[in-house]
Peer 1: 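Below you will find the structure I want to go over with you.
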2 protein chains.
Amino acid sequence: MSTVRLLLADDHPIVRAGLRAVLEGEPDFEVVAEAPTAERAVALAGELDVDVVLMDLQFGSGMGGTQATATITARSGAPRVLVLTTYDTDVDILAAIEAGATGYLLKDTPPDELADAVRTAAAGRSALGPEIAQRLMDRVRRPTEALSLREIEVLQLVAEGLSNQQISERLFLSQATVKSHLVHVYAKLGVDSRTAAVATATARGLIRR
Amino acid sequence: MSTVRLLLADDHPIVRAGLRAVLEGEPDFEVVAEAPTAERAVALAGELDVDVVLMDLQFGSGMGGTQATATITARSGAPRVLVLTTYDTDVDILAAIEAGATGYLLKDTPPDELADAVRTAAAGRSALGPEIAQRLMDRVRRPTEALSLREIEVLQLVAEGLSNQQISERLFLSQATVKSHLVHVYAKLGVDSRTAAVATATARGLIRR
DNA sequence: GGCCGCATCCATCGAAAGGTTGAGGTGGCC
DNA sequence: GGCCACCTCAACCTTTCGATGGATGCGGCC
């Protein structure tokens, strides 16, 4: 088995040090570089001979990890990108996969599972953490839970602090219609109040914050 | 200078490895143990001879870092607790200080600053990251706009979708008290409903999520 | 064509949750 | 002592919210 050449992209020095410590314990891994920003990760992935990029999604400023993933994987002969982040919201996961990520893991993954995932990704097979796989299963299993465009539109305004009255004016609807949309939202999200709906919707990344 | 004995409390193995790697580079530091849960951190802080606990606030499940901090620092001869987390919202910061934390740093702190902060904490002096210090300065500069700890606590639960009834049960208060806090929050934030309060509070980074 | 599911839209109504007012107790600070 | 901010609570009132029920139009499917 040949050695896997790695690039670590994370804005936290501590996390980079942790990844390095964990991964360099594996004889078949070699960390060739670290990137503290998404831009730097894109540049290094192009310059160096890298097999797998470990990519965080949240960077303090500048380009995000998702966009960096898309940019890197768009090139021919590009390395695999294994997303390694803290959050498991639907938006993040779907966007990352859409952007061409080969895998998606959470940062609380045990070191040995992480190493396995890196090898899987290096081989070109998709590597998803168990929680992530579960989320994707849930999505395809219950497609009815998806909110309609109009429902999301209303819910977004609720999250911005508007009352039903204000929302109805903004969208040229009657209050009754606004309430109707919200009732459907509650049913789909399994909650029974506007604040709870906003909470779970943001947790799932359904609406903007 | 005597050596500083450290306990690392974080649910992410990778972060623990990173902290260990960074801190063991310092000749005057010794990592005596790691804790993957808040409960374990409390136990180890009591059993072992520890000078400083590096404490995360978010643990996947069970006790939170804030409560663990309070429990640890309540004992006599307790170690100093240095909070090391990702978020710099007012809730987290104030609650941690209230719980007896000696310092508060963000995880993107450079290794050398981290080492300095650990020494400062070990000496019993408070160690705050620059962003944290700035937030606290802003609070004292504009005291009328600042929310009290209790108000933020209530507002945080509102943002998580709880009703006044649920909040009162969670905090062992009457509903009247919860409403009273919220009225003050509305006045300070210049809004007139719970959802609007959540919206502006999150925009200002007063609460999490 | 006829049926069904779904999204969008609307009216009515009762109740509960939320918001207002007022007020007491504590502790810090000048 | 006097002032102020914070935390706590009770009782009242009302507005908003959520529940219920129903209408329309569109698209897919048998």
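Within every chain, numbering begins at 1; the chains are lettered A, B, ... in the order of the sequence lines, protein sequences first and strands thereafter. Everything quoted here is computed from the prediction, not taken from an experiment.
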Peer 1: Can we say B:Asp49 and B:Arg5 salt-bridge, meaning some charged N sits less than 4.0 Å from an Asp/Glu carboxylate O?
Peer 2: yes

Peer 1: So what does B:Thr177 hit on the nucleic acid, given a heavy-atom distance under 4.0 Å: a base, only sugar-phosphate, or nothing?
Peer 2: base

Peer 1: Measure CD1/B:Ile167 against C1'/D:dT8 and give the value in whole Å, please.
Peer 2: 16 Å

Peer 1: In whole angstroms, how far is the P atom of D:dC17 from the CG atom of A:Leu155?
Peer 2: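 Rounded to the whole Å, the gap is 14 Å.
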
Peer 1: What N/O pairs connect the protein and nucleotides 18-24 of chain C at under 3.5 Å? Give each pair on its own line.
Peer 2:
{"from": "C:dG18", "atom 1": "OP1", "to": "B:Arg194", "atom 2": "NE", "distance (Å)": "3.2"}
{"from": "C:dG18", "atom 1": "OP1", "to": "B:Arg194", "atom 2": "NH2", "distance (Å)": "3.2"}
{"from": "C:dG18", "atom 1": "OP2", "to": "B:Asn164", "atom 2": "N", "distance (Å)": "3.1"}
{"from": "C:dG18", "atom 1": "OP2", "to": "B:Asn164", "atom 2": "ND2", "distance (Å)": "3.3"}
{"from": "C:dG18", "atom 1": "N7", "to": "B:Lys179", "atom 2": "NZ", "distance (Å)": "2.6"}
{"from": "C:dG19", "atom 1": "OP1", "to": "B:Arg194", "atom 2": "N", "distance (Å)": "3.3"}
{"from": "C:dG19", "atom 1": "OP2", "to": "B:Tyr186", "atom 2": "OH", "distance (Å)": "2.7"}
{"from": "C:dG19", "atom 1": "O6", "to": "B:Lys179", "atom 2": "NZ", "distance (Å)": "2.7"}

Peer 1: Using C1' atoms of five pairs at each end, report the bend of the helix from C:dG1-D:dC30 to C:dC30-D:dG1 rounded to 10 degrees.
Peer 2: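 Rounded to the nearest 10 degrees, the bend comes out at 40°.
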
Peer 1: Can you identify which nucleotide, out of D:dC9, C:dC10, D:dC7, has its nearest atom closest to the A:Leu173 side chain?
Peer 2: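 Given the options D:dC9, C:dC10, D:dC7, the side chain of A:Leu173 is closest to C:dC10.
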
Peer 1: Determine the sole option in B:Leu82, B:Ile72, B:Thr66 for which the side chain to side chain contact (heavy atoms under 4.5 Å, CB included) test with B:Met55 is passed.
Peer 2: B:Ile72

Peer 1: Can you name the residues that form a side chain to side chain donor-acceptor pair (under 3.5 Å) with A:Gln58, not counting sequence neighbours?
Peer 2: A:Thr85

Peer 1: Give a yes or no answer on whether the side chain of A:Glu39 reaches the backbone of A:Met63 with a donor-acceptor pair at less than 3.5 Å.
Peer 2: yes

Peer 1: Using whole Å, report how far CD1 of B:Ile152 lies from P of D:dC7.
Peer 2: 10 Å

Peer 1: Write down the distance between CZ (B:Phe172) and C1' (D:dC7), rounded to a whole number of angstrom.
Peer 2: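 Result: 17 Å.
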
Peer 1: Quick one: side chains of residues 176-184 of chain A, donor-acceptor pairs under 3.5 Å with protein atoms, not counting sequence neighbours, listed by atom name and distance.
Peer 2:
{"from": "A:His184", "atom 1": "ND1", "to": "A:Ser180", "atom 2": "O", "distance (Å)": "3.4"}

Peer 1: When you compare the protein's N or O atoms with those of nucleotides 28-30 of chain C, which come within less than 3.5 Å of each other, and at what distance?
Peer 2:
none

Peer 1: Strictly distance-based, threshold 3.5 Å: is any side-chain N or O of B:Thr73 a donor or acceptor partner for the main-chain N or O of B:Ala99?
Peer 2: yes

Peer 1: Of the nucleotides C:dC10, D:dC6, C:dA7, which one has an atom closest to the side chain of A:Ser148?
Peer 2: C:dA7

Peer 1: Going by side chain to side chain contact (heavy atoms under 4.5 Å, CB included), name the residues that satisfy it together with B:Ala201, two or more places apart in sequence or in a different chain.
Peer 2: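 Counting only residues at least two positions away or on another chain, B:Ala201 forms a side chain to side chain contact (heavy atoms under 4.5 Å, CB included) with B:Leu155, B:Leu189, B:Leu206, B:Ile207.
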
Peer 1: Given 3.5 Å as the limit, does a donor-acceptor pair link the side chain of B:Gln156 with the main chain of B:Glu153, or not?
Peer 2: no

Peer 1: Using a strict cut-off of less than 4.0 Å between a Lys/Arg side-chain nitrogen and an Asp/Glu carboxylate oxygen, indicate whether A:Asp11 and A:Arg16 qualify as a salt bridge.
Peer 2: no

Peer 1: For the backbone of B:Phe29 and the side chain of B:Glu24, can you confirm whether one donor and one acceptor N or O come within less than 3.5 Å of each other?
Peer 2: no

Peer 1: Does atom CZ (B:Arg75) have a neighbourhood of more than 12 heavy atoms from anything else shown, all under 6.0 Å?
Peer 2: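 Atom CZ in B:Arg75 is crowded, with more than 12 foreign heavy atoms closer than 6.0 Å.
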
Peer 1: Provide, to the nearest angstrom, the distance between the CG atom belonging to B:Leu94 and the C1' atom belonging to D:dC6.
Peer 2: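 It is 14 Å, rounded to the nearest whole Å.
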
Peer 1: Nearest whole Å is fine: how far is D:dC6 P from B:Leu149 CG?
Peer 2: 11 Å

Peer 1: Can you check whether A:His181 has a side-chain N or O nearer than 4.0 Å to OP1 or OP2 of C:dC9?
Peer 2: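 Indeed, a polar side-chain atom of A:His181 lies that close.
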
